[in-house]
Structures are given as C-alpha cells and as structure tokens.
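Remember, predicted model here, so these are calculated numbers, not experimental data. Lettering follows sequence order; numbering is per chain, from 1.
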Amino acid sequence: MRGVYVCVFSTTLFLTCVHGNFILPYFCIKYRNVMDNKFTTEIAKSVVECLKVKYDLDVIPESLLFNETRKEFEGDYTLVIFPLLKLTKSNPNDLGAILGEAVVNEIEFVESYNLIKGFLNFKLNASVWFEEYISFTTKESFYSESSGKKTIVEFSSPNTNKPLHLGHARNILLGWSCSNILEAAGHEVVRTQIVNDRGIAICKSMLAWQLFGNGETPESTGTKSDHFVGKYYVLFEQAFKTEYITWQAGETARSIYENRPNKEQVEADFFKSYKNKYFNEYSPLGAQAKKMLLDWEAGLDSVIDLWKKMNSWVYAGFEQTYDQLGVSFDSYYYESETYKLGKDIIEEGVTREIFYKKADGSVWIDLESEGLDHKLVLRSDGTSVYMTQDIGTARKRYEDTEANGMVYVVADEQDYHFQALFAILKRLGEPYHEDLFHLSYGMVDLPTGRMKSREGKVVDADDLVQEVIDEARKNAVERGEIEDASADEREEIYNKIGMAALKFFILKVNPKKRMIFNPEESVDMQGTTGPYIQNAYVRIQSINRKAGDLDLTVGKSYTKLEDIELDIIKKLTSYTKQIQASAEQFDPSLLTNFCYELAKAYHKFYNDVRILGAESEGAKAFRVNLGNQVARVLKHGFGLIGIEMPNRM
RNA sequence: GGCCUCGUAGCUCAGCUGGAUAGAGCAACAGACUUCUAAUCUGUAGGUCCCAGGUUCGAAUCCUGGCGGGGUCACCA
C-alpha cells in the first residue's frame with residue numbers, strides 16, 4: 001500500500017558510491033558543460049581558437065565555464081578565466097584582454113567586453129536580443145518534439161477507508177504537474193494510480209458501518225461520500241479503543257501485564273505497545289474485522305457486496321476532490337486485482353537463479369552488490385508481499401501500455417523499497433528498467449509538528465480547498481474589482497484564485513524537501529504566491545482591453561530596449577529550456593519559480609514604464625506585445641503546473 | 001546502532017550542480033495610486049550559510065569528522 005501516511009519523513013537518492021582516485025592529466029581542466037546556448041557556444045569557439053593561436057593550447061569548448069552575468073555588472077555572459085591562468089601562464093588582466101579583444105573582433109553579435117577580477121563579461125548587441133524576441137513571438141507551440149518515450153506516472157494512490165488529506169494533495173499536485181511537464185518535454189504520458197482497496201483497514205470501516213450504521217448512507221445524511229466512509233473508520237477506532245481500555249481492567253490483561261518481559265515499563269507504555277497484539281488475539285472487534293477480511297478473500301457474496309458499496313462511495317467522493325483539484329487519470333489499478341500478481345515472475349526468477357529459496361520455502365533476493373541487503377519476495381506460505389505485487393504490477397503496466405518508463409510519486413519514507421524494487425526489475429532484465437524513477441517527496445508538516453491522524457491533527461484536502469476559496473472571495477470582495485461580473489463568473493474567479501494560492505504554495509517547494517505547511521500562509525495572496533502571478537496576467541488582459549486594435553507590427557521598429565524589457569526578453573526566450581530542466585529533474589518547483597520571476601519582472605516593468613502612454617507608437621506596440629508574450633508564457637506555464645488564469649480579479 | 005537524508009535572515013523558501021559583494025517573499029519600519037487593476041512597486045533593517053578540519057586560484061555547494069532534526073532497517077503495506 002502506497003498510502004500517503006500521516007507521519008513524516010525526509011528524502012531521496014542514496015547512492016553507495018565507491019570513490020576511486022583518478023589522476024587527471026595536469027592540463028585537463030575541470031569539465032563542465034557550456035551553458036546550453038547558441039551565443040556562448042559561439043563565444044567558446046572563438047576563445048578556443050584564440051587560445052590555440054596565441055598560446056598553442058588545445059582546449060575543448062565544453063571545458064570553458066560560462067555564467068550569466070550578474071546583475072551588478074554590465075554584460076550578458078561571463079567567462080570565468082581563472083582555470084585558464086595556469087595553462088597560459090598568464091595573469092587575469094592580460095589573458096582577459098586578449099580573449100576579450102579576440103571575441104569582440106571576431107564575433108559580430110558581441111558588442112563589447114569588460115574585465116573584472118578574472119571575470120570576462122561579454123555584452124551582446126541589443127538587436128540580437130530583439131531578433132531573439134521576434135523569433136520567439138512566432139513560435140506557435142512550447143511543446144517539444146516527440147521524444148518517442150512513453151512514461152507511466154503513478155500518483156495519488158489512496159486508501160479507500162478515509163478521505164484525502166494534505167499529504168495526498170502534495171502527491172496529487174506533484175504527479176499531475178510532473179505529468180504535464182513531461183508531456184511538454186515531448187513524452188507521451190499515462191496517468192495512473194494504484195488504489196489500495198483491500199485489507200484490514202477497509203474491513204474496519206465496513207464492520208463499523210454494519211454495526212453502527214443503521215443503514216444510513218451518504219445521501220440520507222447529506223455527507224460527502226468519502227467523508228461518510230471515513231467517519232465509520234473513525235467510529236471503529238473509537239469503539240476499539242473503548243473496548244481495549246475496558247479489557248485492560250480485566251484479569252487476563254492484569255496477568256499479562258504482571259508478566260511483562262520488561263519490568264521497567266510503565267503500564268501506559270506497555271498497553272500502548274501491546275495494542276496490536278490485543279487486536280489480533282483478544283479483541284472481539286478485531287476478530288470480527290479479521291473474519292471479514294477472510295470472508296472477503298474467500299469471496300463471500302455478502303461481504304463483497306458491502307465492500308463494493310462502500311468503495312463506490314469512496315470513489316465518488318474522491319472523484320469530486322479530483323475534479324476540484326483539476327486532475328484526472330487515464331487508468332486505475334486496484335490492489336484487489338493486483339495483489340496476487342508477480343508470483344509467476346518470482347517462480348521464473350528462481351529458475352533463472354535471480355532469486356533463491358530458503359529451506360522454509362520463502363523466496364529472497366540478494367541485493368548486497370547494490371549496497372542493499374537480502375529482500376523477501378515471497379513468504380514461506382507462498383503468499384505475496386508488497387514487493388511481489390509491485391514487480392507484477394510493473395510488468396502488467398508495461399504489457400498494458402508498452403511504456404518504456406515509469407515514475408512513481410510516493411513519499412520518501414519508501415525510498416528503500418523503491419531502490420530495491422528498481423534493483424530487482426533490473427536483475428530481471430525488464431525492458432523498461434533503465435527509465436524508472438521514484439519521485440520521492442518529503443512529508444508535509446504543520447507548524448505545530450507532524451500531522452497525526454490518531455490525534456485528529458490532519459488537514460483534510462476538501463476543507464483546505466474550501467478555506468482558500470473563501471479567503472479568495474473575502475479578498476476579492478474587499479477589492480471590489482469584479483463587482484459587475486455575474487455571480488457565476490465571480491465564483492469561478494474566486495475558485496481560480498483560491499486554487500492558485502493553494503497549488504502554488506505546495507508546488508513552489510522543491511519536492512525532495514520536507515515542507516512546513518502553514519495554513520495561514522497558504523491562503524496568503526501577496527508576495528511569492530499564485531495570485532501574484534495571476535495578477536500579472538490580469539494586468540496584461542486589462543491593458544489589452546484598453547489598447548483596442550493596435551498595429552503590433554510597428555513595434556518591430558522599436559529597438560531601444562529598456563533594461564527591464566531586455567530582462568523580460570531574456571526570461572521569455574529561456575522558457576522552453578526551463579521546461580526541459582523541470583522535466584529532467586522531475587521538479588515542478590523550477591517552473592513555479594520561473595513563473596514567479598517572470599511575473600515579478602512584468603510587475604516591475606508595469607510600474608517603471610508607461611505602456612499605453614508610451615513615448616512612441618512603436619514603443620507602445622512593442623510593450624503591449626511584450627505583455628502578450630508574458631501572458632502567453634505565464635498561462636502556459638501555469639497550465640503545466642495545473643493552475644488556471646482568470647481574465648480579471 | 002547500520003544506512004539514507006536535511007541543516008541558508010525571526011518565519012517560509014531560492015541559490016542555475018565549484019565562481020564576483022549569499023538572494024526572494026512574509027513579518028517590521030519608511031515611501032509611491034487625480035494617470036494602464038496598489039493582490040503592485042521602491043527603500044531601510046535583518047547572515048558565524050550548524051560546528052571543525054581538508055581539497056582548490058576560489059566552498060553555502062565537493063571530501064572527512066562531529067552536533068542537531070527526520071526517515072529507514074518486518075514472512076506490514
């Protein structure tokens with residue numbers, strides 16, 4: 001069961017690295033990629049040529065380090081020349097001047113250079129940027145060409161005994177945005193989930209409903225149906241707790257306690273740790289729940305019917321939440337159907353000696369060479385474990401879709417499990433084994449500490465959504481900008497703003513990091529927030545409404561760019577690269593941060609320069625057009641993240 | 001205890017995989033709406049980048065060792 005657990009945990013990639021000592025040739029400069037950029041590539045070529053001619057040095061262009069020039073200095077790209085000093089037996093000033101002159105003379109688009117303490121800054125002609133911008137505006141799609149890859153993304157993966165909470169929200173938003181981003185990067189994506197629809201927890205809700213429900217339904221009580229089922233899960237836990245406490249006073253319990261192995265242990269602690277054993281061995285409620293599980297496995301009609309009924313309630317509730325969050329799935333896998341998968345693969349693996357069988361009949365794999373340990377893949381009684389079904393499900397998905405890669409969005413507490421799973425799939429030689437990725441994300445904490453379902457310290461996903469929308473409504477009413485819109489339109493706008501605040505708040509954090517979720521901050525709409533970015537978009541739309549029909553082509557004669565305009569152009573033209581980076585790292589936060597930076601630049605632009613009141617028709621047309629390009633990118637970027645743009649707010 | 005992971009401003013987070021004087025937002029304080037939506041912008045203040053060594057021309061970033069938080073080590077899922 002994937003379960004988005006209500007406890008906490010931290011992060012990802014753990015590699016056992018063996019470090020060898022390599023002796024590098026003296027002249028082998030530390031290797032680093034040139035910024036993936038046609039300008040720096042050209043400059044690098046020229047620098048290499050110059051080094052050859054003046055110093056008789058053979059240097060590969062990729063070994064040159066370029067950065068974007070920092071804001072405080074003049075220029076666009078910076079070559080760091082320290083690494084070249086030893087090779088050329090030169091000093092920063094001389095070498096910098098020689099290289100700078102060479103590049104300026106040779107490359108047309110480089111206007112000038114300046115040299116500051118070993119940093120060689122190159123400034124490009126403004127017209128180069130303007131041309132970049134013009135070609136950007138004619139680009140009709142931000143989607144990359146097909147990579148030929150088909151990737152399955154598994155996310156959400158809920159349990160069917162209680163409603164979705166904040167942890168699921170992070171999971172779902174990550175999974176959804178990652179899927180979109182992968183698509184934009186040219187992959188075909190299948191969105192799926194594994195639903196934990198079986199097991200003792202589900203039986204608890206079923207039993208509680210049978211015992212205490214008096215036949216009531218979500219309809220009869222007017223309750224959202226997954227919450228309705230969740231209520232019975234809680235009722236079971238309460239009844240069980242009462243039963244347990246009563247039992248503790250009885251003779252059996254007394255004698256067990258008196259004979260505890262650790263005499264130091266106080267009563268409260270003892271019974272806390274004994275709870276599970278009590279459930280399995282003494283509890284009448286426990287016995288009934290377990291019987292129900294056995295009946296379910298035996299396929300007893302009455303139990304199956306009840307199970308289907310309660311699960312259908314939960315699914316209906318989940319669908320509402322998914323709708324509200326704006327996500328959907330292409331397929332669903334149910335553990336009730338997959339939990340027996342994988343056994344045949346294990347058998348086959350035993351004959352291929354990938355797995356080994358112990359005397360008791362249990363089957364294991366030795367993963368020590370991967371830095372892991374021995375892992376059980378089949379119990380001695382022949383039944384499967386978590387790993388077994390994951391192996392089976394992976395292959396089934398491959399057969400179902402012919403995908404050549406899979407991404408599992410699962411909290412980082414399961415890092416070890418996925419490391420082992422991937423190692424096993426590799427040993428088995430599964431055709432997709434090279435493109436497996438565990439998108440491991442940190443747990444969500446509250447400012448008061450971790451969420452604990454037992455203590456009722458969980459943030460319910462539906463409540464959360466309601467809260468942010470209410471907050472958006474409150475703020476919007478205060479502002480009064482959209483009073484003239486119809487009630488429906490207004491509600492739609494509140495919805496978009498609220499959801500933007502919530503989604504952005506969660507997605508702006510690097511997934512690997514454990515995050516603290518402050519409910520008060522999550523409804524903030526100022527600063528680094530979703531609404532801040534929506535506001536930039538709305539301002540642009542407002543300008544467009546007032547601009548009327550403009551001949552935007554006259555803007556092409558405007559080449560005297562302001563700094564802030566240049567800044568915006570640079571950001572805009574880097575957009576597709578941002579998408580790529582975000583896709584490669586499976587990290588939507590790169591994209592959210594990019595959108596923030598772009599919106600921020602626009603807000604500054606909006607404050608610094610006149611748009612409709614620009615000094616010339618050319619400047620006006622250019623600025624209106626620039627705004628439209630910003631709006632286009634923001635809308636597209638937010639679309640990938642899963643946030644909609646309002647036209648007014 | 002073994003292994004994994006995180007530690008950056010009062011708070012929440014960036015920091016482009018080793019480069020220039022470590023950046024944003026929130027909170028605080030001071031400014032900017034007769035003019036394109038002030039959910040905005042500008043400024044002030046706020047730092048021992050957990051500590052100590054090491055590698056390097058150069059370290060928040062890499063290595064080693066500590067300290068602190070979290071996770072994980074089931075015939076659970």
Q | Side-chain heavy atoms of A:E562 within contact of A:V609, under 4.5 Å | A | yes
Just name whichever nucleotide pairs with [N], Watson-Crick or G-U, keeping both distances under 3.5 Å, else none.
{"N": "B:A14", "value": "none"}
{"N": "B:U44", "value": "B:A28"}
{"N": "B:G65", "value": "B:C51"}
{"N": "B:G2", "value": "B:U72"}

Q.
Check whether A:Y537 forms a cation-pi arrangement with A:K496 (NZ or CZ under 6.0 Å from the six-membered ring centre, at most 45° off the ring normal).
A. no
Measure from the side chain of [X], starting at C-beta and using heavy atoms only, and say which of [options] lies closest.
{"X": "A:N535", "options": "B:U37, B:C75, B:G19", "answer": "B:U37"}
{"X": "A:T78", "options": "B:A14, B:C11, B:A20", "answer": "B:A20"}
{"X": "A:D373", "options": "B:C73, B:A38, B:A20", "answer": "B:C73"}
{"X": "A:N67", "options": "B:G19, B:A14, B:A39", "answer": "B:G19"}
{"X": "A:P83", "options": "B:A14, B:A39, B:G19", "answer": "B:G19"}
{"X": "A:T69", "options": "B:A39, B:G70, B:A20", "answer": "B:A20"}
{"X": "A:R610", "options": "B:C36, B:G70, B:A22", "answer": "B:C36"}

Q) Would you call the rings of A:F504 and A:F638 parallel, tilted or perpendicular if under 30° counts as parallel and over 60° as perpendicular? A)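 Rings of A:F504 and A:F638: tilted, as their planes differ by 30° to 60°.
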Q: Classify the angle between the aromatic ring planes of A:Y339 and A:W296 as parallel (below 30°), tilted (30 to 60°) or perpendicular (above 60°).
A: tilted
Q) With sugar-phosphate meaning primed atoms plus P, OP1 and OP2, does A:F73 contact a base, only sugar-phosphate, or nothing at under 4.0 Å between heavy atoms? A) base
(Q) Both A:Y532 and A:S589 contact RNA chain B. Which one's nearest nucleotide lies toward the 5' end? (A) A:S589
Q. 5'-most contact on RNA chain B: A:N518 or A:A599, nearest heavy atom basis?
A.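 Looking at RNA chain B, the more 5' nearest nucleotide goes with A:N518.
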Q: Indicate whether A:F119 forms a stack on B:G19; treat it as stacked only if centroid distance is below 5.5 angstrom and interplanar angle below 30 degrees.
A: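 A stacking contact does not exist, since A:F119 is not both close and nearly parallel to the base ring of B:G19.
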Q: Verify the stacking flag for A:F82 against B:G58: centroid separation must be under 5.5 angstrom and the ring planes must differ by under 30 degrees.
A: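 No, the aromatic ring of A:F82 does not stack with the base.
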Q: Examine A:H417 together with A:Y386 and report whether their ring centres are nearer than 6.0 Å.
A: yes
With a 4.0 Å limit, can you tell me whether [X] has a side-chain N or O closer than that to the phosphate oxygens OP1/OP2 of [N]?
{"X": "A:K513", "N": "B:G70", "answer": "no"}
{"X": "A:R545", "N": "B:U37", "answer": "no"}
{"X": "A:R514", "N": "B:G70", "answer": "no"}

Q) Would you say the side chain of A:R539 and the base of B:U40 hold a donor-acceptor pair, judged only by whether the two atoms sit under 3.5 Å apart? A) no
